[in-house]
Amino acid sequence: MTRRKALLLAGAGAVSAGVGAAGLLRGWGSPTSTVSGSPGAVPTGDRFVEPTVIASEGGRLHVTLSAAAGRVTIAGRSVQAMSYNGSVPGPTLRLRPGDRVTLDLVNRLGASTNLHTHGLHVSAERNGDNPFLHIRDGETFRYEYEIPRDHPAGTFWYHPHLHGTVADQLFAGLMGAIVVQRDDSVPLPAQRERVLVITDTTLNGDRIAQANQRGRMLGREGELVLVNGRLKPTMTVSPGGYEHWHIINACTSRFMRLRLEGAELLQVAGDTGRLATPTQVDNILLATGNRAELLVRIPGPGRHQLVAEPVDRGGMGMGLGRGNAGGDTPATLLQVEAAGEAAATPQLPGRLVEPEDLRAVAVNGRRTLTFAMEMGRGMGGGMSFTIDGKEFDPDRVDAAVRLDTVEEWTVRNTSPMNHPFHLHVWPVQLVARDGSPVEGNPQWYDVVILPARSSVTVRVRFTDFPGRTVYHCHILDHEDLGMMGVVEALR
Ligand code: C2O
Ligand code: CU
Ligand code: CU
């Protein structure tokens, strides 16, 4: 039995012992049912708040992140959870290109962990964004990141990445935002910026609920969908002008379609930085891990709701349940109150950036990756989650690539569930879905939705950083179950 399987069994045992069979059948123990009863004592009506900001100065940032198990406030309740620096989400890190970042990760979780800077284009070697590290309980580890001078402005985030424990630790409260700003970005006519870290979790009394085996296979979704750790908080905006929102889907598994009726929404950035032009959208689809930056304008005084519509991400097939636990009920994330005199609507810039387009370049190599779920091969005859028929092995290199080449990867999914494909370090350009070319403006991501029984084709320019890192399904339960591979960039 592998260590991961042992952990998984231990986890499942703890659930049965802790909450009994009734607990297993509640909440995402039965991910198809809508939530049994309301979350009861969870207070709503909080004010919208943002995580504390820690910003670099003069090209340097020195920050300590203390990952600890203990009491924190989540959804207005004091609960036993995990947090960075005592708050869920952890502090927002504001960086600039050229920064040297020293980050001391203090581990007081009572379990091993590590840290991943999701979406940052930085080295994955040594004490950089290295997903292979184990930081043991009681240890302090110094991470160092050098943000390249040409790093795009954008919205990124950090979360633990120790294989086998990622979903549990994120669900328990470990995540935070990273914003990279550039002095030479085209200015956006926004009256203010805001960061919205969207997470979900389930409370079981004053604790975070544990996942059972089925919840892990489907990808757990929490009963509570929170914005910056609060349930349906109220945000006050002034009508007429634009606000610039940085939105992160930091849920473990949940996909969501965000809508804000009565508002004008212009998307200005995606996962990996700015879009070519501000793009009017009616809603925005975010898989787990995806980000979007929006210019939001509410024309006049009134009350509006930001809602997350559930997204069907397939199921296990054979009647074993579907992924979206909330059924078809949209979750209200935020009450937006526009009050006061409407300001004049500012003029928008036409062009934001000139994005690279890899559709026009010669490809140096092609490969195919197959994401699959197979019955009877996983633990106890359960489901296995594989890429090219293999579960994750940190000691195996699955894809060796040459630096300074462009590769085309066709990622196939033979299973009845979606698996959002995520590559560390290098952004990917979506060039085809099921073999049909993607037209129009270049679409860059670091998490690409890979629908059930289909394929996506992406192109990647492997620049700058030699060394090993990973690609995986960003339904983090699937990643923990083995749906992850190792890529090594060679000089
Ligand atoms: Cu946010 Cu390897 O992931
Ligand atoms: Cu990542
Ligand atoms: Cu998956």
Side-chain angles (χ1 to χ4, degrees), residues 89 113-122 124 128-133 145 154-167 169-171 174-178 197-199 215-221 248-255 271-272 286-291 311 313-317 322-324 369-374 378 383-387 391-392 394 411-428 445-454 456 468-487:
T113 190
N114 67 15
L115 194 76
H116 169 47
T117 53
H118 179 132
L120 285 190
H121 179 59
V122 293
D129 180 26
N130 181 343
F132 301 102
L133 294 170
Y145 312 102
T155 308
F156 309 95
W157 60 301
Y158 60 89
H159 63 77
H161 216 288
L162 182 64
H163 178 63
T165 67
V166 181
Q169 293 188 356
L170 180 72
F171 202 69
L174 294 176
M175 82 300 285
I178 301 174
V197 181
I198 303 175
T199 60
R216 289 172 200 269
M217 290 195 291
L218 287 168
R220 73 188 75 183
E221 292 194 10
I248 302 170
N249 181 352
C251 296
T252 308
S253 308
R254 181 186 291 265
F255 292 19
D271 283 353
T272 62
L286 298 177
T288 152
N290 282 146
R291 287 88 65 208
V311 176
R313 50 187 178 81
M316 286 192 283
R322 303 196 69 75
N324 53 322
L369 271 54
T370 303
F371 281 54
M373 290 159 49
E374 283 171 80
M383 193 82 72
S384 70
F385 291 79
T386 58
I387 302 176
E391 290 185 355
F392 175 63
V411 190
R412 295 168 56 223
N413 177 3
T414 60
S415 80
M417 268 184 112
N418 292 9
H419 299 292
F421 170 75
H422 174 48
L423 174 66
H424 285 207
V425 181
W426 301 279
V428 302
Y445 297 96
D446 58 44
V447 177
V448 179
I449 295 180
L450 171 58
R453 297 202 167 91
S454 71
V456 294
R468 294 188 323 143
T469 188
V470 292
Y471 50 85
H472 57 89
C473 173
H474 211 283
I475 290 175
L476 293 168
D477 281 298
H478 294 175
E479 180 273 297
D480 283 333
L481 287 167
M483 204 171 240
M484 177 152 72
V486 176
V487 54

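Ligands are counted one by one from 1 in listed order, and the atoms in each one are counted from 1 as well.
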* Asked: Any N/O/S of His116 under 2.8 Å from the Cu ion (ligand 2)?
  -> yes
* **Residue His422, metal the Cu ion (ligand 2), N/O/S under 2.8 Å** =>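 Coordinating: yes.
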* So do the side chains of Phe392 and Val470 get within less than 4.5 Å of each other, counting heavy atoms only? -> yes
* Asked: Can you name the one residue among Phe421, Phe371, Phe385 that meets ring pair (Phe, Tyr, Trp, His ring centres under 6.0 Å) with His478?
  -> Phe385
* Going by chain and residue number, what protein N/O/S atoms come nearer than 2.8 Å to atom 2 (Cu) of ligand 1? ->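 Result, waters dropped: His161 NE2, His424 NE2, His472 NE2.
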* To do: For the residue pair His118 and His422, categorise the inter-ring angle as parallel (less than 30°), tilted (30 to 60°) or perpendicular (more than 60°).
  =>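 Geometry flag for His422 against His118: parallel rings.
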* Donor-acceptor under 3.5 Å (Asp271 side chain, Arg291 main chain) -> yes
* Asked: Which of these passes side-chain contact (heavy atoms from CB on, under 4.5 Å) with Glu479: His472, His419, His474?
  -> His472
* No-hydrogen, no-angle side-chain donor-acceptor test under 3.5 Å, Thr370 and Arg412 ->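 There is such a pair (donor and acceptor under 3.5 Å, judged by atom type) between the side chains of Thr370 and Arg412.
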* Asked: Would Ile178 and Tyr158 satisfy side chain to side chain contact (heavy atoms under 4.5 Å, CB included), going step by step from the backbone distance to the final call?
  -> CA-CA 7 Å; Ile178 301 174; Tyr158 60 89; 3.7 Å; yes
